[in-house]
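Throughout, protein chains are lettered first and strands after them, A, B, ... in sequence-line order, and every chain is numbered starting at 1.
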Amino acid sequence: MSGPARAPSGDETIPFTFDGTAYRARPGDTLAAALLANGVGLVARSFKYHRPRGIMSAGIEEPNALVTVGTGGRTEPNTRATDVFVYPGLVAKSQNRWPSLSFDVAAIFGLAAPALGAGFYYKTFFGPAKHWMRYEGFIRRAAGLGDAPTEADPDNFSQVAGFCDVLVVGSGPAGLKAALEAAEAGNRVFLVEQDAVPGGSLLRDPDSGLDPAAMIQRIEALGGKVLLRTTASGYWDHNFLTLTQRLVEPGAVPTNGFAQRLWHVRAGRVVLATGLIERPVPFAGNDLPGVMLSQAVRSYIRRWGVVPGQRVVIATNNDDAYLTAAAIIEAGAQVVALLDARASGPAAPAGVTVYHDARPAGATGRKHGLRKVTAVIGGSEQSFDADLLAMSGGFVPVSHLHMQAGGKLVWDEAAQAFIPGETPQVCETIGSAISPPPAPAVAPAGKAKKSFVDFQNDVSLADIDLAWQEGYRSVEHLKRYTTLGMATDQGKTSNMVALARLAEKQGVTVPQAGLTTFRPPFTPVTMGLLAGAGARNAGAHVRRIPLHALHEAHDPIWQPLGYWFRPRAYPVNGENLAQAALREAQTVRTVAGLSDVSTLGKFEVSGPDAAKLLELVCATTVGKLATGRGRYTFMLREDGFVFDDGTVWRLAEDRYLLTSSTGGADRMAGHLSYVRQVLRPDLKCSVVNVQEHYAGIALAGPRARSILAALTGAEPPRHMGYAPGTLAGTPVHVLAASYSGERAFEIHVEASHAEQVWQAIEDATRAEGGAPYGLEAMELLRIEKGHVVVGGEVDGRSTPHDLGLGGMLGKAGGFVGAAGLTRPALSAAGRNNFVGLVSLDGPIPEGGMLITRAGTSPQGHVTAAARRILEGGAIALALLQDGHKRHGEELTVSSPTRGEKARVRVTSPHFYDPAGERYRD
Amino acid sequence: MKTPYSAFSLLRGALNGQKHWQPAWRDPEPRSSYDVIIIGGGGHGLATAYYLAKVHGITNVAVLEKSWIGGGNTGRNTTLVRSNYRLPQLHNLFEFGLKLWHGMSDELNYNVMFSPRGAMFLGHNDGDMIKLAERGDAMRCDGIDAELLSPKQIAKLEPLLDLSRGARFPIDGALIQWRAGTARHDAVAWGYARAADALGVDIIQKCEVTGFVRDGNRITGVETTRGRILGGRTGICVAGHSGQVAGLAGLKLPIESQTLQALVTEGVKPMVQSVVMSQSLHCYISQSDKGGIVMGGDPDNWPSYARRGQPTVVEGAIAQAVSIMPALSRLRMLRTWSGVTDMSFDGAPIIGPTPIDGLYLNGGWCYGGFKATPASGWTYAHTLATGKAHELNAPFSLERFMTGATIDETAVGPMPNHR
Amino acid sequence: MYEIACPHCGPRAQTEFTYERTVDAVVDPAADAHTAMQALFTRANPMGLDEEIWRHTYGCRAWMVLTRHRVTHVIEAVKAIGPEALA
Ligand SMILES: Cc1cc2nc3c(=O)[nH]c(=O)nc-3n(C[C@H](O)[C@H](O)[C@H](O)COP(=O)(O)OP(=O)(O)OC[C@H]3O[C@@H](n4cnc5c(N)ncnc54)[C@H](O)[C@@H]3O)c2cc1C
Ligand SMILES: [Zn+2]
């Protein structure tokens, strides 16, 4: 008998499959343990050369045994077999092989290895970029690991916040003790452990004095929270950590719909008891199935009752592996040889032959285990028949979190390891992570070419040597040139081995050779978990206007506008959008229409200094506004460009209402607050954002005035006048503002009373032959009238003068943006000016470029296109270089991306009632 | 002479254990003076040195790098290369670069793996689609490729995108630039370094500039951790550290340094063919040749030099990405990292002289300068060689902020944190 | 993810706050054009401490000045500003 095995106990009750073959596991088995128990040693293929790979470790550091677990939308590729606990029905598949794991055609890359060393791809595949893409397509298909899922994820992921006094990471002996002590001292404690059971190294090396289960109970009884199957994956500024918790195993169906949970934790103090990772030993063939880390061998024997090999060679540079020898003998297997690189070591268990000054040089394998191990013993070679090699090249403290937190590392010469040093955060590392056992440096004995360092990415000692030879000598260059440490294990087992080689090459000590940094996450984190509920809506909530339900009853076409949704048109009788919008606009021009303008930015500014604040924010004069009157206004950024527009109304002696654009409302709220609180805290005024407080209803058209008069029982204010009123028994603000070019009103009403007001206006309007109109009709109306819109003509690059608003600028200056406006380029020739366009042929493509003739650079572009509402004929608004001076000129609008073109004449943008006669009663 | 790279030479190496390769660049001691000193051994600095030597015959050039070349933003970026900008100054500059990208591997005899696989911006509503058409039209009128895609065409290229109408951000179409794509960032730094070195440029690593040598209003050299080095003209090219290095000369810049994060997932077989960006959302997605999904989002929009990001920023970008491509959900984020970006106050770069004689600045690339590497190097070399702007970098002067001739693609004004 | 001690609300997560600009970039509305543009368009941008204006946007909405280190991210001081902070 040879290879991994486990004597059946009757507990093998959990069915699972691997590559379609059915097996059984015991409760508590990882997939790796269960596969080994079933005699399966070959589980994967490597990334580059498709070499056969087995199980090397018993933990999250596993570089080799990657499998795909789960099916459909729950498929999780690249799952470490050592980090998934078998559940009934688990489906696992090997990856990166074709047609099968044991016969993989791509293993042929292994033969070409001499030509495919580090960075080979930088030296070949020349020619035009398109040629490279052909090679690349092939490389892409050969690379990658597992297959990506193609379906949406059926499960949810939860995200929660947590707070604690002490967060302990790791439930080994040190972590358990620290957590218990902290809990006993009255702290709120979190103890997190990535394994499914607490204990850490105790699971491999039990200590009769420590009972993890009992300690956990005690911690919980004291109010502590113990999170198993939870990884502290990120350690960020100010003691903020992200914990990732598996609620079910990869690919399993969650009972309550949630597969994992993300914790955002702010901890008072962090204790890192994260332990050690064992270092592999470089020798030729050290990647074969049957080569395993020494502690992993012990874990399989003691924790899972699996004997990973029957005839075992142990290779070590430290005392710990002697414990493995003892475990192997306990399990009834044979230790063929214990190769200790040191000149002396501790006493070995009976029956174990120890060779000192002995290093492994090579191994050859069969499918599920080894065949032979060669060693260099004191200068001469010797071979052993063995099916397993347990290796220990020393230990690497798990300092990832410490380093993520900004901590420094210091070199421990005896252990040949970096250990956590100073940290800027409230954090300490305890246990073996800060005191790794001694393990001297050992020069590798085998052939460099097959001595793997980064197993997953197939980086060997020879690759490191080549990178060195070619001048890639800093650690980062080495890493990037060879791809070392860039695989899914992020170099957990490979970094130190590589660094040692680099130091040897440079003839310096390891700390002089340098160190790469660890970045979050500690182990890979499911994207869906990080997305959380945001995966369903891109993290963007929906903002509903107060009258949403009322509009919904009309089944409008909705238009997204930022996070808002507004009615775009209310089609009837099977109209399409354009037909509906045109009818609605015509109704406004001839009768009356009503529209929802609730999303407008609205700010109430009050107090004795209210006007002063507004004169600072608005670039137009405000101070002279009489009570009961309003004005169009616009605001500048500090650099002098227009950034929003709206209207300002004097509601009372020291009370104003400022409206601004929907899209800019949040920005305007911030700006007003900044100006008021930071620039002029001395002013006696208050600014209240009433955007969502009031619903707004626009009523526009030749009959608007009479409709409103009837509804309020009062003569509506004249154009740009304000009056409070009562409508449908509800107090309203009536602002006689017009966007459409018709006599019009904005009626603002408390959001909670908006429905009855809208209903009353709608009924009255319909009775006159009018109708509601949506954003699309509004757009037709404003284009024809020649009003600019924020996000259209007000594009963040235009000045008041560009937009034809220069005449309205406050003469006294002193407003925000006045200084910026004086910069020469803001009044230089060649600026884009706001103009109108009249088509000389067909429709004008919106967004199209204004050109004099084909082949010349554009001189402007169309910002909005429409048709004349009553007369027909295509018109547009545009920004055109020096446009103010070019009225009458003929140009072409060209849209190559849509294959559209139109001949146009430049005009004033005010197509409709330029004198404003329709505002008069 | 260095052994040229070729498939033949690689095969030869298979027989000799690849023993015939020399170091890609020398490791020279700094000389006491150079005609031109370039501060910063990122892609831009190295490209500048290469074009100085190649195009202008100026080979007495030193590139001073404080740590290892390519280790700044060049080695941290998500490698999107495109020229699909709306404003002509930008698309003309980037297009000049894009043309150079298409021949770069041959030019440098170093495979930079430029892969013109297409880069698209998705549109999620009519407004987006008009903006995309406008941008495409502006490009097309200037002779740059751009094409609108229908949802059907998108589905063919990227079947894993959620093209359902019920999506929170339904996909109405896209603007694609087929000649755009990705490249291997390290190779760009290394390729330029190797080629510049071959022309005689000294690439000096572990050499931090700590001060300037001044003669009145003229810079005549630099103080470094490896001693004083004099130079005829000195060019700053340090990306995120622009403000800090210019500060050594007493200059304050229209630049604020911010952290930009990116991430990569574990490798999987090909699932994303092109580069996917969005007009409304702030995430972008591509897949590396090793199979990892590379993505990023908005910067952490407050100043920092720490290269430590904020987790919720990345989580936000991932939420957006998973919502437009649900199949990403069960992939795993393998690694996040950050770079320090030089956010300029109109979002566009600065390439040109400074108010101090002999001192030039190339910076302010924000989160988008990798794609410009060849164009940046070419135009900066022109300016350093002639003392004058090339027509392509003339608009990108430092004075433009005071004159108002800013080049504001996203039109949010002078606050980089609002960009 | 910083913890910012809002002078009005106490320690809160950074996600509740927004950064506005540095204190030296606050443009006095009464400043002459040149001074104003200099302030607006240049930053010291130090690799060290700077004074910054932040807002507790998703909390009490007040503004404050943080003295924050650009490399260590240590917040050395938080000071209330605005009308409430006027003596
Ligand atoms: C996460 C991220 C993603 C990005 N994604 C993209 C993208 O997809 N597409 C794109 O086009 N752009 C992208 N960018 C931006 C792009 O990376 C940069 O604009 C570009 O790489 C800048 O190149 P550079 O050579 O100027 O800078 P760097 O590569 O940063 O080089 C500057 C060098 O100067 C050195 N230096 C600094 N101070 C000194 C000193 N005092 N003395 C000597 N040397 C010094 C640094 O060590 C560094 O090596 C991204 C950036 C980041 C951070
Ligand atoms: Zn607060």
Side-chain angles (χ1 to χ4, degrees), chain A residues 76-78 114-115 117 120 122-126 129 133 136 139-140 143-150 152-153 234 236 242 466 470-471 474 476-477 480 488 519-520 524-528 530-531 534-535 537-539 560 637 639 795-797 823-826 846-849 858 895-897, chain B residues 5 7 10-11 14 18 21 23-24 68 71 102 105-106 110-111 114-116 125 130 133-134 136-137 140-142 148 168-169 186-187 266-271 281 289-291 311 315-316 318-320 322-323 326-337 403-405 408 411 413-414:
Chain A
E76 294 201 21
N78 309 334
F120 79 90
Y122 299 127
K123 300 189 180 112
T124 180
F125 308 127
F126 290 109
M133 279 190 72
E136 186 189 35
I139 290 176
R140 276 163 70 88
L145 288 160
D147 285 316
T150 52
D153 197 324
W236 313 84
T242 36
L466 178 61
E470 295 194 67
S474 88
E476 284 288 346
H477 282 163
R480 288 152 182 263
T488 64
R519 301 273 175 219
V525 177
T526 305
M527 298 277 276
L530 296 165
N537 64 359
R637 286 193 316 238
D639 61 355
D795 65 354
R797 295 183 282 262
R823 293 181 296 165
L826 275 71
E846 198 162 301
M849 294 295 122
S895 174
T897 60
Chain B
Y5 290 169
L10 263 178
L11 288 175
Q18 308 289 350
W21 304 113
W68 38 281
H102 276 260
S105 293
D106 279 351
Y110 203 109
N111 184 2
F114 174 61
S115 164
N125 51 55
I130 299 280
E134 178 189 323
D137 289 342
R140 287 276 288 270
C141 286
D142 280 342
L148 287 171
R168 175 70 179 85
F169 290 90
D186 294 327
E266 296 179 340
V268 287
K269 296 290 177 199
M271 69 182 289
L281 300 172
D289 288 345
K290 281 190 68 189
E315 287 161 21
I318 292 174
Q320 298 192 344
V322 175
S323 82
L328 294 175
S329 179
R330 288 288 166 131
L331 265 49
R332 299 195 199 100
M333 177 177 87
L334 176 60
R335 187 175 160 95
T336 57
W337 65 91
T403 64
D408 197 346

**OP:** Given side-chain contact (heavy atoms from CB on, under 4.5 Å), test Asn111(B) with Phe126(A) step by step and report yes or no.
**Re:** CA-CA 6 Å; Asn111(B) 184 2; Phe126(A) 290 109; 4.3 Å; yes
Using heavy-atom distances under 4.5 Å, tell me whether [X] contacts chain B through its side chain, its backbone, both, or neither.
| X | value |
| --- | --- |
| Arg637(A) | side chain |
| Asp795(A) | backbone |
| Thr242(A) | side chain |
| Ser474(A) | side chain |
| Leu466(A) | side chain |

Name the option with the most non-hydrogen atom pairs under 4.5 Å to chain A; the candidates are [options].
| options | value |
| --- | --- |
| Pro311(B), Ala411(B), Ala14(B) | Pro311(B) |
| Leu328(B), Thr403(B), Val322(B) | Thr403(B) |
| Ser329(B), Pro414(B), Ala327(B) | Ser329(B) |
| Ser105(B), Ser115(B), Ala405(B), Gly136(B) | Ser115(B) |
| Ala7(B), Pro23(B), Gly291(B) | Pro23(B) |

Relative to chain B, which of [options] shows the most heavy atom pairs under 4.5 Å?
| options | result |
| --- | --- |
| Pro858(A), Gly117(A), Gly146(A), Pro560(A) | Gly146(A) |
| Gly539(A), Ser895(A), Gly234(A) | Ser895(A) |
| Ala115(A), Gly848(A), Ala148(A), Ala538(A) | Ala538(A) |
| Pro114(A), Gly144(A), Gly534(A), Ala152(A) | Gly144(A) |

When you measure from the side chain of [X] to the backbone of [Y], do you find a donor-acceptor pair of N or O atoms at a distance under 3.5 Å?
| X | Y | result |
| --- | --- | --- |
| Arg332(B) | Pro77(A) | yes |
| Asp639(A) | Gly404(B) | no |
| Thr336(B) | Pro520(A) | yes |
| Asp153(A) | Pro326(B) | no |
| Asn78(A) | Glu266(B) | no |
| Lys269(B) | Ala143(A) | yes |

**OP:** Indicate the atoms forming the closest heavy-atom contact of Gly847(A) with Asp137(B), along with that distance.
**Re:** O-OD2, 3.8 Å
Original post:
What is the minimum heavy-atom distance between Ala531(A) and Ala319(B), and which atoms define it?
Top reply: CB-CA, 3.5 Å
Give, for atom [atom1] of [X] and atom [atom2] of [Y], the distance between the pair rounded to the nearest 0.5 Å.
| X | Y | atom1 | atom2 | result |
| --- | --- | --- | --- | --- |
| Leu10(B) | Phe125(A) | CG | CZ | 8.5 Å |
| Leu530(A) | Met333(B) | CG | CE | 5.0 Å |
| Lys290(B) | Arg140(A) | NZ | CZ | 14.0 Å |
| Leu148(B) | Thr897(A) | CG | OG1 | 4.0 Å |
| Trp68(B) | His477(A) | CH2 | NE2 | 6.0 Å |

Measure distances from [X] to the heavy atoms of chain A and classify the residue's part below 4.5 Å as side chain, backbone, both or neither.
| X | result |
| --- | --- |
| Phe169(B) | side chain |
| Asn125(B) | side chain |
| Leu281(B) | side chain |

Less than 4.5 Å apart, side chain to side chain, heavy atoms only: is that true for [X] and [Y]?
| X | Y | answer |
| --- | --- | --- |
| Glu134(B) | Met849(A) | yes |
| Glu136(A) | Asp289(B) | yes |
| Leu331(B) | Pro149(A) | yes |

**OP:** Please identify each residue that fulfils side-chain hydrogen bond (donor to acceptor under 3.5 Å, both in side chains) with Arg797(A), with sequence neighbours left out.
**Re:** none
**OP:** Check the pair Phe120(A), Gln18(B) against side-chain contact (heavy atoms from CB on, under 4.5 Å), reporting the backbone distance first and the verdict last.
**Re:** CA-CA 10 Å; Phe120(A) 79 90; Gln18(B) 308 289 350; over 6 Å; no
Subject >> salt bridge (Lys or Arg N to Asp or Glu O under 4.0 Å) partners of Arg335(B), counting only residues at least two apart >> reply: none
